[in-house]
Amino acid sequence: MTALSLPELLARSARGRPDQRAVVADRTLTYAELDDLAGRVAGALASRGVKRGDRVGVFAPKSAGAIAALYGIMRAGAAYVPIDPASPVARAGHIARDCGISALVADAEHRELIRPELPDSVLTSLDVDGLDSLPAADATGEPGPQDLAYVLYTSGSTGSPKGVMISHRNALSFVEWAAAELGCGPDDVFSSHAPLHFDLSVFDLYACALVGGTLHPLPADAMSFGESSARSVAERGITVWYSVPSALVMWVTQGGVEPSMLSSLRQVVFAGEVFPTPYLRKLRGLLPTGTGLNNWYGPTETNVCTYHVVTDQDLAGDSPIPIGRPCAGYPCEVMAEDGSLGEEGELLVGGPAVTSGYWADPQKTAAALVPNPRGGQDLWYRTGDLVVRRPDGEYLFLGRRDHQVKIRGYRVEPGEVEMAIYSDERIKEACVIAIEDERLGHDLVAFVVSADPLTEVEVKRTVASLLPRYMVPATVHVRTEALPKTSTGKIDRLALAREGTDA
């Protein structure tokens with residue numbers, strides 16, 4: 001039976017599997033214990049004036065208590081607003097004020113940091129490390145499918161954060177599809193790699209609760225080193241892994257990872273960035289025979305909307321991996337520049353997972369949500385991603401509409417240049433940035449990471465052997481240290497753009 005809300009998933013597992021381990025993090029909680037903590041949070045918030053439809057900020061590192069707080073906030077009928085605990089205080093304060101949070105759940109350190117930035121709307125704060133001391137309480141808010149479950153703040157191309165509103169129905173439609181697609185069950189052990197403010201965390205948290213599995217948030221020291229995260233897989237017996245590609249690339253580039261460390265993996269899923277095919281081929285060689293390898297695609301505004309199960313044929317060459325076909329119930333269309341529907345252009349997505357818009361920003365909402373191109377009454381999301389639909393119905397990702405530039409009159413997608421660079425297996429990371437140029441319109445600047453000696457000329461020669469001359473980067477910065485990352489693990493293109501402009 002389909003659930004009506006995300007906290008209902010926890011309540012069901014607590015009734016059916018009370019003694020099953022739900023979360024193994026800084027402490028271990030059974031489903032009964034996690035459900036009890038969530039109830040205490042819900043009761044405390046309600047007694048202190050938090051109402052249905054309110055927003056509650058969560059400003060703390062990922063922990064068992066933080067996860068209980070998410071469920072408790074939603075059980076009170078409110079929506080949680082996770083704030084990156086590593087973000088600058090000014091940005092954290094901007095999110096709290098923009099969303100008008102009525103309460104805050106934080107650890108002592110982060111509560112003190114954000115205190116001067118908090119809006120007047122804040123009624124109370126809870127200590128994420130002291131939830132056990134709250135009075136026992138029952139559920140209060142009883143959220144419905146259309147109620148707001150959470151607001152995730154993302155940065156657009158300008159870096160200005162915008163709050164994506166996701167309802168319980170939006171999230172559940174994805175979670176239920178994902179758990180069924182991967183065949184998840186109570187014996188599964190889920191990694192929790194993504195931070196709470198990143199949409200990848202939604203699968204880990206709620207698919208696990210849906211099937212009554214066990215969630216293992218990875219320790220911070222395992223996030224930046226391939227061998228450490230692979231050892232975490234072995235030590236915890238993780239069966240389902242979900243992360244951005246860069247976390248998996250570390251397994252094949254940093255050394256020290258043996259197939260025996262990954263023997264428990266049943267399904268490996270990656271999303272959020274393009275996975276260079278040469279490294280994906282190497283990853284396949286480390287995984288047990290029969291382990292599913294899945295490419296999921298979707299912006300925060302839809303969570304996942306297309307999927308592709310990687311095959312041996314995909315890995316035979318160096319062509320990009322398709323982002324696949326629409327998930328069940330998520331219709332997609334491709335819109336050309338003139339607004340007509342066709343085979344190549346911007347991807348539009350409809351269905352129950354699509355956001356209702358951006359918090360307190362009707363202008364951005366109106367620009368992103370458009371009438372159903374098939375003539376229905378619902379609104380579809382303009383992803384801003386350029387794709388081409390293959391004859392078999394699967395989509396290939398071409399790049400971002402807002403990244404595409406013109407050089408000498410030619411349309412150029414930096415992502416295509418990055419894929420050409422990755423054809424040299426000495427390259428560990430690559431990012432191509434378009435920098436404005438008065439004479440040419442734009443110049444391409446490439447940043448590459450290689451452990452082996454590599455020159456700018458060699459990189460340019462590699463690109464020139466695969467792409468037209470106008471697509472060869474004007475400048476290539478070769479380095480041995482990793483490229484800067486955002487808090488969600490993606491390459492920080494804004495930081496590199498500033499670096500390229502200053503160079």
Side-chain angles (χ1 to χ4, degrees), residues 6 9 22-26 58-71 80-87 95 149-155 161 163-164 166 170-171 174-175 177-179 181-182 184 188-210 213-226 228-230 232-233 236 238-251 265 267-275 294-305 307 353 485-492:
L6 293 173
L9 303 180
V23 180
V24 181
D26 53 311
V58 179
F59 193 36
K62 184 162 52 177
S63 65
I67 291 169
L70 304 186
Y71 281 109
Y80 68 87
V81 184
I83 303 172
D84 178 7
S87 65
I95 291 172
Y150 52 85
V151 181
L152 297 184
Y153 274 78
T154 67
S155 290
V164 180
I166 301 294
N170 293 153
F174 158 64
V175 169
W177 169 85
E181 170 63 22
L182 298 181
C184 297
D188 274 315
V189 179
F190 296 76
S191 69
S192 180
H193 187 275
L196 299 178
H197 63 279
F198 190 18
D199 63 337
L200 267 66
S201 67
V202 172
F203 167 75
D204 304 330
L205 292 169
Y206 305 118
C208 181
L210 170 65
T214 302
L215 185 72
H216 278 265
L218 295 188
D221 60 0
M223 304 289 275
S224 302
F225 300 99
S228 296
S229 62
S232 292
V233 171
R236 293 161 171 75
I238 289 170
T239 62
V240 180
W241 174 282
Y242 186 33
S243 74
V244 293
S246 58
L248 294 165
V249 167
M250 291 191 300
W251 289 357
L265 287 172
Q267 295 282 2
V268 172
V269 188
F270 55 90
E273 290 179 311
V274 174
F275 201 136
N294 307 269
N295 184 17
W296 286 359
Y297 159 85
T300 302
E301 289 84 351
T302 70
N303 214 299
V304 170
C305 55
Y307 71 105
K485 303 295 192 301
T486 67
S487 62
T488 59
K490 297 181 181 180
I491 292 174
D492 192 337

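Scope of the values below: all heavy atoms of this structure, side chains included, with no hydrogens, waters or symmetry mates. Computed from a predicted structure; not experimentally measured.
Side-chain contact between Val24 and Thr214: present, with at least one pair of heavy atoms (C-beta onward) separated by less than 4.5 Å. In this structure, Ser87 and Tyr153 have side chains that are not in contact, with every pair of non-hydrogen atoms separated by 4.5 Å or more. Between Val164 and Pro299, the closest side-chain pair of non-hydrogen atoms is not below 4.5 Å.
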Check your understanding: Given Tyr150 and Val202, is the side chain to side chain contact (heavy atoms under 4.5 Å, CB included) satisfied, shown in steps?
Key -> CA-CA 10 Å; Tyr150 52 85; Val202 172; 3.3 Å; yes
Tyr307/Leu182 under side chain to side chain contact (heavy atoms under 4.5 Å, CB included): CA gap, chis, key distance, verdict | CA-CA 11 Å; Tyr307 71 105; Leu182 298 181; over 6 Å; no
Please assess Ser191 against Val233 for the test side chain to side chain contact (heavy atoms under 4.5 Å, CB included), listing each intermediate value before the final yes or no. CA-CA 8 Å; Ser191 69; Val233 171; over 6 Å; no
Practice prompt. For Asn295 and Phe275, run side chain to side chain contact (heavy atoms under 4.5 Å, CB included): C-alpha distance rounded to whole Å, both residues' side-chain angles, the deciding distance at 0.1 Å, then the answer.
Written response: CA-CA 9 Å; Asn295 184 17; Phe275 201 136; over 6 Å; no
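Minimum interatomic distance between Trp251 and Ala230 (heavy atoms only, all atoms of both residues): NE1-N, 3.8 Å. Here the closest non-hydrogen pair linking Leu196 and Leu205 is CD2-CD1, 4.1 Å. In terms of heavy atoms, Ala25 sits closest to Ala64 at CB-N, 4.0 Å. Taking every heavy atom of both residues into account, Lys62 and Pro217 meet most closely at CE-CB, 4.1 Å. A pairwise comparison of heavy atoms in Ala194 and Ser201 identifies CB-N, 3.7 Å as the closest pair. Counting all heavy atoms, side chain and backbone alike, Asp26 lies closest to Ser63 at OD1-CB, 3.4 Å.
Not a single ring-ring contact (aromatic ring centres under 6.0 Å, His included) links Tyr297 to another residue, sequence neighbours left out. A search for side chain to side chain contact (heavy atoms under 4.5 Å, CB included) contacts involving Ala179 returns Cys184, Ala207, Leu210, Val211, not counting sequence neighbours. Remark: Phe203 pairs with Phe190, Tyr242, Trp296 by the ring-ring contact (aromatic ring centres under 6.0 Å, His included) rule, at least two apart or across chains.
Counting only distance, with no hydrogens or angles, the side chain of Thr486 and the backbone of Asp492 share no donor-acceptor pair below 3.5 Å.
Considering CG of Asn170 and OG1 of Thr302, their distance stands at 9.5 Å, rounded to 0.5 Å. Atom CG of Asp204 and atom NE2 of His216 lie 12.5 Å apart (nearest 0.5 Å). Atom OG in Ser487 sits 3.5 Å away from atom CG in Asp84 (nearest 0.5 Å). Taken to the nearest 0.5 Å, the CG atom of Asp188 stands 8.5 Å off from the SG atom of Cys208. Rounded to the nearest 0.5 angstrom, Phe270 CZ and His193 NE2 are separated by 14.5 Å. Here the CG atom belonging to Asp199 is positioned 9.0 Å from the OG1 atom belonging to Thr154, to the nearest 0.5 angstrom.
With hydrogens and angles left out, the side-chain atoms of Ser246 and Lys485 include no donor and acceptor closer than 3.5 Å.
Looking at Ile95, Val81, Thr488 one by one, the single match for side chain to side chain contact (heavy atoms under 4.5 Å, CB included) with His197 turns out to be Thr488.
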